[in-house]
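We number each residue from 1, following the sequence as shown.
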Amino acid sequence: MVYVVAAERVWGDDQKDFDCNTKQPGCANVCYDYFFPISHIRLWALQLIFVTCPSLMVVMHVAYRDDRERKYQLKHGENAKLYQDTGKKHGGLWWTYLISLFFKTGIEIAFLYLLHLIYDSFYLPRLVKCQIDPCPNVVDCYIGRPTEKKIFTYFMVGASAFCIVLNICEIIYLIFKRVFGFAHRMRGRNRRSPDPHNHGDEKDHECECNLKMTRTDFKPRVNEELRASAPNLSSAA
């Protein structure tokens, strides 16, 4: 949005406003090409195209999920669901989104470095001195609206840096959320799985209980048998 509204108007006539104090044919064009090998607006347009491509990967992956969901419902009924939410960042879509963030961050850093390398730390002077053929001598050339272009360049650089910070924060958030979720699931599995040592102790405890029960059951039976086998002295008397 910033590129469409403001950048095109600021750099739309940059070569016409590049004035040199000579009438030598071709001198102004050569000097402009030397100091501005690629226009800011074209460089940002190229950056915008490259930054948008990783987002298209995510959109295409979601469209692929929607198509699979539609085919699955046609085969198994409307109430059947292959995904809980086709747009939820889970499974393969999570990896696609993470890779797109890495690509975006790398593209932003690469274009910032390229802009820094071409235009000497994003600085735009008011006056440049040119001594390139076919210029007859050292020629003074003036850049049109240098302050406005400098402020807008710093704004675009700051916006790119802010996007890089946001992408890095989101990458860290996604990775830590995935790691914590995996650790939480592993803890739940360990709690549900029985401990072999505790299981052995429970078996020993059960054996001891059964042994005690058999011993207590055996004693009354022995006493009853002895009483039955003993003679009845009262009846004999």
Side-chain angles (χ1 to χ4, degrees), residues 1-60 96-175:
M1 182 64 70
V2 174
Y3 168 78
V4 173
V5 173
E8 190 174 0
R9 295 181 181 179
V10 174
W11 271 273
D13 54 352
D14 51 349
Q15 189 171 2
K16 294 180 181 179
D17 295 336
F18 189 78
D19 296 328
C20 298
N21 59 354
T22 181
K23 296 298 183 180
Q24 180 69 25
C27 180
N29 292 332
V30 172
C31 291
Y32 179 83
D33 182 71
Y34 177 78
F35 289 104
F36 297 95
I38 181 171
S39 176
H40 287 70
I41 187 171
R42 292 175 179 84
L43 186 64
W44 287 327
L46 191 64
Q47 179 181 356
L48 182 63
I49 293 172
F50 275 96
V51 169
T52 308
C53 289
S55 299
L56 293 177
M57 292 171 52
V58 180
V59 174
M60 291 174 64
T96 303
Y97 187 73
L98 186 66
I99 292 171
S100 70
L101 289 178
F102 276 110
F103 270 108
K104 285 182 181 180
T105 306
I107 291 169
E108 294 281 1
I109 293 174
F111 274 93
L112 277 182
Y113 177 75
L114 186 62
L115 190 65
H116 165 77
L117 187 66
I118 294 175
Y119 294 108
D120 192 17
S121 302
F122 320 114
Y123 180 73
L124 286 176
R126 297 176 180 273
L127 172 67
V128 293
K129 294 184 178 294
C130 179
Q131 191 177 4
I132 305 173
D133 293 334
C135 297
N137 50 18
V138 179
V139 177
D140 295 334
C141 296
Y142 300 90
I143 300 174
R145 293 180 294 183
T147 303
E148 183 181 8
K149 292 179 180 179
K150 187 190 302 182
I151 293 173
F152 194 83
T153 301
Y154 288 156
F155 174 78
M156 293 295 290
V157 170
S160 296
F162 183 68
C163 291
I164 291 171
V165 173
L166 288 180
N167 289 336
I168 293 174
C169 291
E170 190 169 6
I171 289 171
I172 294 173
Y173 169 75
L174 289 174
I175 293 176

Once the angle between the rings of F18 and Y32 is folded into 0 to 90°, is it parallel (under 30°), tilted (30 to 60°) or perpendicular (over 60°)? perpendicular

Do you know which two heavy atoms are closest between I99 and M57, and how far apart they sit? CG2-CE, 4.4 Å

Find out whether H116 and F122 are in side-chain contact, i.e. whether some heavy atom of one side chain is under 4.5 Å from a heavy atom of the other. yes

Nearest-0.5 Å distance that lies between atom CG in L114 and atom CG in L43: 5.5 Å

Please set out all donor-acceptor pairs under 3.5 angstrom arising from side-chain atoms of residues 128-137, sequence neighbours excluded.
unit_1	atom_1	unit_2	atom_2	d
K129	NZ	D140	OD1	2.9

Can you tell me how far the OG1 atom of T153 sits from the OH atom of Y123, to the nearest 0.5 Å? 12.0 Å

Under 6.0 Å from the OH atom of Y154, do we count more than 12 heavy atoms belonging to anything else shown? yes

Determine whether a donor-acceptor pair (N or O, by modelled atom type, separation under 3.5 Å) exists between the side chain of D33 and the backbone of N29. no

Is the closest side-chain heavy-atom distance between L174 and E170 below 4.5 Å? yes

Could you tell me if the side chain of F111 sits less than 4.5 Å from the side chain of L115, heavy atoms only? no

Starting at CZ of F36, measure out to CD1 of I143 and round the result to the nearest 0.5 Å. 3.5 Å

Approximate separation, where rounding is to 0.5 Å, of Y173 OH and I175 CD1: 13.0 Å

Hey, could you give me the CD1/CZ distance between I118 and F35, rounded to the nearest 0.5 Å? 14.5 Å

Any side-chain heavy-atom pair of S55 and K104 under 4.5 Å: yes

Over all atoms of both residues, closest heavy-atom pair of M156 and W44: CB-CZ2, 3.5 Å

Atom of A161, atom of L112 and distance for their closest heavy-atom approach: N-CD1, 4.2 Å

Separation between CD1 (I151) and CG (L124), nearest 0.5 Å, reads 11.0 Å

State whether the SG distance for the cysteine pair C141/C20 is less than 2.5 Å. yes

